[in-house]
Amino acid sequence: MPPLRLDAAYRDRLHIPPTDPLPPDGITLRRLVEAHLRYIPFENLSLHGCRQGDDDDDEPPIPLSLPLLHDKILRRKRGGCCFELNGLLGHYLLELGYSVVKLVPCWIYAGPERGHSSSRRAKFRTRQTHAFLLARTPGGEESFIVDVGLGEPPLHPLQYGPSMLGVTQRTPDGMQSRVVQEEREWTDGDGRVRRCLRLEWRRTCRACFTRKRGGNNSGRGDRDADDSGEVSNDLQNLESEAKVLRSKADRASRKTKAKPRPPFKVYATTPSIREEAKSRLLMRRQNQKKHVADGYACAAATADGGATIEFDHDIRREICDMWAVLSGNEREVYKEIALAETTDLKRDAESAEEKAMIAEASLAAAIRRGRSESASSCISIQECSESCTGEGGWWEPRIQWDISDAPLLKPMGVEQSFVEDRPLESFDDAAAIIASDGSTFRSKMVICCLTRSEKITLTGNNLRITSPRFPETNEKSGAWPLQTRKKLSSKEDILSVLVDRFGLNLEQLSGLECDVGDASSSSPVDEEVCRL
């Protein structure tokens with residue numbers, strides 16, 4: 001059977017004319033990566049009921065074979081995760097003539113911003129659940145990091161080699177990245193000594209950015225001021241209200257993620273049940289004529305607190321005895337109460353989210369009304385971020401990998417590509433981890449694509465369009481990135497966005513499971529625009 005050729009289908013997918021030359025060099029890589037990020041989205045729709053194929057119902061949610069990837073991404077015009085997107089592109093780069101292409105396993109830097117609790121310290125994950133490409137031009141003259149399967153990767157490949165360690169590389173979208181070497185070696189769970197490199201991106205401090213462009217040098221940041229130089233009280237009030245309501249909405253949203261309370265816990269915390277248990281206990285002890293002597297119900301006997309604690313313990317034990325004699329139907333009542341509590345929490349969260357969105361929209365409207373020149377300074381910045389180094393921002397880790405998996409220099413002799421050295425199918429364990437029920441990647445439907453000027457993301461039923469993506473792209477005007485947010489209220493709206501914004505085929509989305517519960521109630525706010 002002849003090898004599967006990708007060129008014609010890939011050119012069609014990336015809108016590259018069939019007559020355009022694609023020599024295996026850095027210029028071609030930059031063209032391919034930018035087109036890839038624009039036309040082939042990063043997405044997990046296969047994990048949310050999206051139809052896998054026409055004939056094969058047993059296709060895995062994350063296919064790792066070349067024929068299945070060709071069918072899914074090139075023929076059916078879908079997207080995928082890092083292993084799918086980088087794996088298929090790796091095969092195409094080899095077909096174009098790049099001498100060596102490696103799939104490099106790496107660790108993702110994760111913290112509260114990736115869905116973890118705010119108390120969890122940001123750090124690299126313990127398992128290698130991501131992979132990028134290392135591509136070398138013929139003769140090994142140039143090497144590049146290529147990644148089209150990260151939520152927000154650099155728009156172009158990054159040069160890779162000893163001379164590039166610590167060097168800031170800026171891509172046309174404004175992202176600043178660098179590769180640095182870890183200071184210490186460490187040993188993994190298998191006893192293997194790791195010498196690692198990591199990729200970092202530059203994060204800009206909002207307060208420093210504002211002050212640098214003529215803002216308040218006292219450290220409070222910028223706000224709109226009237227003719228007298230005083231800060232507008234109306235804007236302050238809107239800002240304060242929006243922050244308070246957003247905080248309440250976030251707290252309410254976190255509560256909805258908790259599991260329903262067990263029926264027994266609902267039963268045990270019901271005030272009438274506790275009163276009944278207390279009455280039964282006191283009556284039993286009155287009959288035994290021991291309650292005064294033992295100090296259970298006498299307030300005078302609780303001066304040291306010991307009797308009260310013992311009494312509470314006995315009440316809990318009495319409640320357990322009462323629960324033990326309840327019938328199944330009676331226990332079912334408390335299960336329904338627990339489910340009703342969850343429904344109430346969701347309703348409260350929806351109401352809080354609606355109020356927060358209205359306040360934020362009002363603030364955004366105030367920013368837009370006659371303040372377009374200074375919109376970026378309308379939100380007060382009280383102080384620099386805790387991560388700010390005092391030089392306008394900080395470097396934040398993104399991914400980390402073992403240097404032996406991606407040598408900085410082309411080794412002597414023959415260097416194998418991933419097809420021989422580490423084939424795509426060898427990542428099946430990592431793919432199973434990110435596709436498992438408890439993974440962050442699977443928790444909610446997500447799809448995104450990037451261009452030089454904007455990032456479009458759909459998470460659940462929340463559509464976000466960020467433009468510009470980085471503040472450095474607007475240095476002259478001093479504008480901070482704007483984000484347009486829209487909550488979609490129906491499955492039809494979601495499908496329309498997937499087709500119109502991401503170029504997916506409607507026929508391939510027939511089984512998609514869409515969660516629009518957060519938008520079930522009509523909201524007066526359909527769209528909002530705010531500074532990030």
More than 12 heavy atoms of other residues, nucleotides or ligands under 6.0 Å from CZ of R38: yes or no? no

Between D20 and R11, is any pair of side-chain heavy atoms under 4.5 Å apart? yes

The criterion is ring pair (Phe, Tyr, Trp, His ring centres under 6.0 Å); which residues satisfy it with F502, sequence neighbours excluded? none

Hey, which of D493, L512, N505 is the one that makes side-chain contact (heavy atoms from CB on, under 4.5 Å) with L498? L512

Is K355 atom NZ crowded by more than 12 heavy atoms from other residues, nucleotides or ligands, each under 6.0 Å away? no

For residues 248-256, tabulate all N or O donor-acceptor pairs below 3.5 Å that involve a side-chain atom, not counting sequence neighbours.
from, atom 1, to, atom 2, distance (Å)
R251, NH1, S247, OG, 2.9
T256, OG1, S253, O, 2.5

For W107, which residues count as a ring pair (Phe, Tyr, Trp, His ring centres under 6.0 Å) partner, sequence neighbours excluded? W186

What residues form a ring pair (Phe, Tyr, Trp, His ring centres under 6.0 Å) with F83, not counting sequence neighbours? F427

For R30, check salt bridge (Lys or Arg N to Asp or Glu O under 4.0 Å) against everything at least two apart and list the hits. none

Residues E141 and R136 bridged, charged N to O under 4.0 Å: no

Minimum heavy-atom distance between P138 and P24, given as atom pair plus value: CD-O, 3.3 Å

Go through the steps to decide whether H130 and F441 satisfy the test ring-ring contact (aromatic ring centres under 6.0 Å, His included), and finish with yes or no. CA-CA 11 Å; H130 182 68; F441 181 68; over 10 Å; no

Compute both the distance and the angle, then confirm whether R202 meets the cation-pi test with W394: under 6.0 Å from the six-membered ring centre, within 45 degrees of the axis. no

Residues 155-162 side chain polar contacts: donor-acceptor under 3.5 Å, at least two apart:
from, atom 1, to, atom 2, distance (Å)
H156, NE2, E34, OE1, 2.8
Y160, OH, W401, NE1, 3.3
Y160, OH, A406, O, 2.6

Between D437 and R442, does any side-chain N to carboxylate O distance fall below 4.0 Å? yes

